Amino acid sequence: MTDQRIRDSFASQGLMTTLDANLTHITAGEVHISAPLQAASSQQHGAGHAGLTFALADTAAGYAALTLMETGREVMTVEAKINLMAPAIGEALIARGKVTRAGRRLTVVQAEVFAVKGDTETCIAILQGTMIPVDPA
């Protein structure tokens, strides 16, 4: 695993660029991503849209899985389930993805998403999913 490999892959994600998302932490089996809460990613009540929350959680979990995969492989989501527990209200969201179990064919991952308001973080969502290694397109 190299940080640069993860950073290069992340930089090619159009959605993450559109959301102004940033990689803030990379270690083997764990990746954190943050993104500001903006009007463009809000829903009609002013909170961050669930699609934003899911995208950050799925991406953080997927990159956590990629950190444990051999060089030359990529990763795709097989399935994911998310519990939305509170509205995404604050200045930013932080998704913390980690590997629960890395298998030969499937990797089980999870992510927690926190809304940041000042110095306070509130857990707003938990995702559990399964990733699969794939050959690059």
Side-chain angles (χ1 to χ4, degrees):
M1 190 270 317
T2 66
D3 281 10
Q4 196 57 52
R5 174 180 155 209
I6 303 303
R7 290 186 189 289
D8 290 346
S9 177
F10 185 82
S12 69
Q13 289 228 350
L15 181 60
M16 292 296 110
T17 300
T18 299
L19 298 173
D20 290 330
N22 292 293
L23 285 169
T24 58
H25 176 82
I26 304 169
T27 60
E30 188 171 335
V31 168
H32 300 178
I33 299 172
S34 66
L37 283 165
Q38 307 175 75
S41 58
S42 67
Q43 41 88 306
Q44 71 275 20
H45 302 291
H49 195 282
L52 168 66
T53 302
F54 183 87
L56 292 174
D58 177 58
T59 304
Y63 278 108
L66 186 61
T67 66
L68 300 179
M69 291 185 188
E70 63 190 62
T71 301
R73 300 304 309 262
E74 290 291 333
V75 64
M76 291 187 78
T77 304
V78 173
E79 60 82 30
K81 183 232 190 285
I82 193 166
N83 290 96
L84 301 166
M85 303 181 300
I89 297 172
E91 294 96 39
L93 295 182
I94 299 172
R96 296 183 177 116
K98 65 181 181 178
V99 172
T100 303
R101 182 181 183 277
R104 190 172 55 82
R105 287 295 301 151
L106 298 175
T107 297
V108 177
V109 293
Q110 61 182 342
E112 293 181 307
V113 181
F114 298 85
V116 179
K117 189 171 186 178
D119 292 334
T120 303
E121 291 185 4
T122 302
C123 187
I124 63 160
I126 297 174
L127 173 139
Q128 180 168 314
T130 308
M131 303 290 164
I132 190 168
V134 296
D135 293 324

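Just so we're clear, the structure is a prediction, and the values are computed from it rather than from any experiment.
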Checking the side chain of [X] only, and the main-chain atoms of [Y] only, is there a donor and an acceptor separated by less than 3.5 Å?
X    : Y   : answer
Y63  : G29 : no
T130 : E79 : no
E91  : L37 : no
T59  : L56 : no
T17  : Q13 : yes
Q4   : R7  : no

For [X] and [Y], which heavy atoms make the closest approach, and how far apart are they?
X    : Y    : answer
P133 : M69  : CB-SD, 3.6 Å
A57  : A111 : O-CB, 3.5 Å
A55  : L15  : CB-CD2, 3.9 Å
I89  : A47  : CG1-CB, 4.0 Å
I94  : S34  : CG1-CB, 4.1 Å

Report yes if some heavy atom in the side chain of [X] is under 4.5 Å from a heavy atom in the side chain of [Y]; otherwise report no.
X    : Y    : answer
F10  : V31  : no
I124 : T53  : yes
H45  : P87  : no
L93  : L52  : yes
T67  : E30  : no
I132 : R105 : yes

Spacing of [atom1] belonging to [X] relative to [atom2] belonging to [Y], to within rounding of 0.5 Å:
X    : Y    : atom1 : atom2 : answer
K81  : Q128 : NZ    : CD    : 9.0 Å
E112 : H32  : CD    : NE2   : 9.5 Å
T122 : K117 : OG1   : NZ    : 9.0 Å
T27  : K98  : OG1   : NZ    : 11.0 Å

Answer yes when R5 and E74 have at least one side-chain N-carboxylate O distance shorter than 4.0 Å, and no when they do not.
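Here R5 does not pair with E74 in a salt bridge, since their nearest N and O are not under 4.0 Å apart.
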
Path from [X] to [Y] over hydrophobic side-chain contacts below 4.5 Å:
X    : Y    : value
V113 : L23  : yes
F54  : L19  : no
V75  : L127 : no

Of the options D58, V78, L66, which is the one that meets M131 in a side chain to side chain contact (heavy atoms under 4.5 Å, CB included)?
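In the set D58, V78, L66, the residue that makes a side chain to side chain contact (heavy atoms under 4.5 Å, CB included) with M131 is D58.
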
